[in-house]
Q: 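Below is the structure I would like to discuss, written out as structure tokens.
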Protein chains: 2
Amino acid sequence: MARKQGSHSDITGPKVREAALRLIARHGYAAVSMRQLAAEVGVQAGALYNYTPDKQALLFDMMRDHLVDVIESFDRADPKTDAQSRLRAFVSFHIRYHLPRADAVFVAYMELRNLSPENFAAIEKLRRAYEDRLEAILRQGEAEGAFAMKDARITTRAIIGMLTGFFTWYRQEGRLPLEEVEAIYWDLVCKAVAR
Amino acid sequence: MARKQGSHSDITGPKVREAALRLIARHGYAAVSMRQLAAEVGVQAGALYNYTPDKQALLFDMMRDHLVDVIESFDRADPKTDAQSRLRAFVSFHIRYHLPRADAVFVAYMELRNLSPENFAAIEKLRRAYEDRLEAILRQGEAEGAFAMKDARITTRAIIGMLTGFFTWYRQEGRLPLEEVEAIYWDLVCKAVAR
DNA sequence: GTCTATAATTCGATAGAC
DNA sequence: GTCTATCGAATTATAGAC
């Protein structure tokens, strides 16, 4: 006999996040209503407001938590040795970390327009912090004489764009195993910044 | 004395497209109401339905027209000679064509989720047709011995991703003139596919 | 072709019972 | 913590006057 009411804070809380991420990734923040989200979670619309003060905070919290986790995870994965090793670790980390989190990546990338100005500024700061990790590696490589490029900042954006585009199509083409895709991207990045 | 009513089909038609592109690029399709759009154009909401059967068709028509124009324009710009020259022309065309059309690029890229299934299929076909142009150039370069890469299809997506990421940040950083940005991207692409 | 007015829904968010 | 019920406002799209 299923209860119609009761306390499920520990269960419902994560379910709200997961459902919101899935629905917003698929349909977009503005297109997903609180009623749709509630139905996906299996509660009534009013109950959602036990877990978020409003719809905007729900979006912001998901994006912030994702980006904070990306940065902390990379800092742990970074070998902090020579630039070549660090760049390889970055490419591998970026692909492998983001792949199983496609919904979060998609939301963090596509929903910037729907953040309030203050929330947008906070998210942009985090995004920039992640990009700065890559830029620092490229500049170290230039200093070591391992890399050569015309402009480290633009090369940073180019590499991130190249790697992030990956997640917009990988789900469709199951043609190649992850190891090969990773090798292909490493080959491109490695040659692009080579002396 | 401004008229409050009257026929302005030739004026209002283009204004609807321009305003829709601008508003949707900034706020997203789902977040822009027909009333907002009408206010931007300078008419009442009901008048918009003289120019589109519904909101969905307005989005689809803009995306389709943009992509058809991209493909036709590239086919005219393509030197159709050696792969190296063609690749350089592609990079230059892609940057220069898309730069002054940032709103259309943004909409065509970000609003795929808001297309009906049939409209999505049609737009994906066009997108694929453009990507196939680049893939053909890369395969020609392999055949000529000018390029070497592990996988032409994935390299195609990687290059497009890299070039398209360009438009998400160029407006912010006016630091460098277009010629230099183009040279930086050409350097990266050229080295990435070099033998 | 544009207007005003409105039908029919749907939205985010809240109040109060349990 | 979840429910039901609801407020007030916004939505797409249409009807009919001019």
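Chain letters run A, B, ... following the sequence lines, proteins first, then strands; residues in each count from 1. Being a predicted model, the structure only gives us computed values, none of them experimental.
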Q: D/dT2, C/dT2, C/dG12: which one has an atom nearest the side-chain heavy atoms of A/Arg35?
A: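 The closest nucleotide is C/dG12.
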
Q: Send over the distance from A/Gln36 CD to C/dT10 C1', rounded to a whole Å.
A: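 After rounding, the reported distance stands at 11 Å.
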
Q: C/dC11 C1' sits how many Å from A/Gln56 CD, rounded?
A: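 Spelled out: CD on A/Gln56 to C1' on C/dC11 is 16 Å.
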
Q: Using OP1 and OP2 only, check whether a side-chain N or O of A/Tyr51 sits under 4.0 Å from D/dT2.
A: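 So the side chain of A/Tyr51 is within the cut-off, an N or O lying under 4.0 Å from OP1 or OP2 of D/dT2.
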
Q: Starting at atom CG of B/Asn50, determine the distance to atom P of C/dT2, rounded to an integer number of angstrom.
A: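 Taking CG of B/Asn50 and P of C/dT2, I get 6 Å after rounding.
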
Q: Where along residues 11-25 of chain B does a heavy atom come under 4.0 Å from DNA chain C, residue by residue in number order?
A: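 Residues of residues 11-25 of chain B under 4.0 Å from DNA chain C: B/Thr12.
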
Q: How many Å lie between CE on B/Met34 and P on C/dC11, as a whole number?
A: 18 Å

Q: Inspect the contact between A/Asp132 and A/Lys125 and indicate whether a charged nitrogen and a carboxylate oxygen are less than 4.0 angstrom apart.
A: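 No, no charged N to carboxylate O under 4.0 Å.
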
Q: One pair to check against salt bridge (charged side-chain N to carboxylate O under 4.0 Å, His left out): A/Arg22 and A/Glu18. What are the steps and the verdict?
A: CA-CA 6 Å; A/Arg22 185 169 57 250; A/Glu18 288 158 23; 5.5 Å; no

Q: Write down the distance between CG (A/Leu48) and C1' (C/dC11), rounded to a whole number of angstrom.
A: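 Computing the A/Leu48:CG to C/dC11:C1' distance gives 14 Å.
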
Q: Can you identify which nucleotide, out of D/dT14, D/dT4, D/dT2, has its nearest atom closest to the A/Gln44 side chain?
A: D/dT4

Q: What's the verdict on side-chain contact (heavy atoms from CB on, under 4.5 Å) for B/Arg64 and B/Asp61, showing C-alpha distance, side-chain angles and the deciding distance?
A: CA-CA 5 Å; B/Arg64 184 202 51 210; B/Asp61 289 347; 3.4 Å; yes

Q: Between D/dA13 atom P and B/Leu58 atom CG, what is the distance in whole Å?
A: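 It is 10 Å, rounded to the nearest whole Å.
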
Q: Do the side chains of B/Arg17 and B/Asp65 get nearer than 4.5 Å, heavy atoms only?
A: yes

Q: Would you say the ring centroid of B/Tyr185 lies under 6.0 angstrom from that of B/Phe166?
A: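 When the ring centroids of B/Tyr185 and B/Phe166 are compared, they turn out to be within the sub-6.0 Å range.
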
Q: D/dT2, C/dT2, C/dA13: which one has an atom nearest the side-chain heavy atoms of A/Tyr49?
A: C/dA13

Q: Using a cut-off of strictly less than 4.0 Å, decide whether B/Ser33 has a side-chain nitrogen or oxygen near OP1 or OP2 of D/dT11.
A: yes

Q: Using a 4.0 Å heavy-atom cut-off across all strands, classify A/Val32 as base, sugar-phosphate, or nothing.
A: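 Sugar-phosphate, backbone atoms only, no base.
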
Q: Looking at the rings of B/Phe90 and B/Tyr130, which for Trp means the six-membered one, are their centres under 6.0 Å apart?
A: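 Yes; B/Tyr130 has its ring centre under 6.0 Å from that of B/Phe90.
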
Q: Could you state the atom-to-atom distance from CG of A/Leu37 to P of C/dT10 in whole Å?
A: 18 Å

Q: For residues A/Phe106 and A/Phe167, establish whether the separation of their ring centroids is below 6.0 Å.
A: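 A/Phe106 vs A/Phe167: aromatic centres not under 6.0 Å.
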
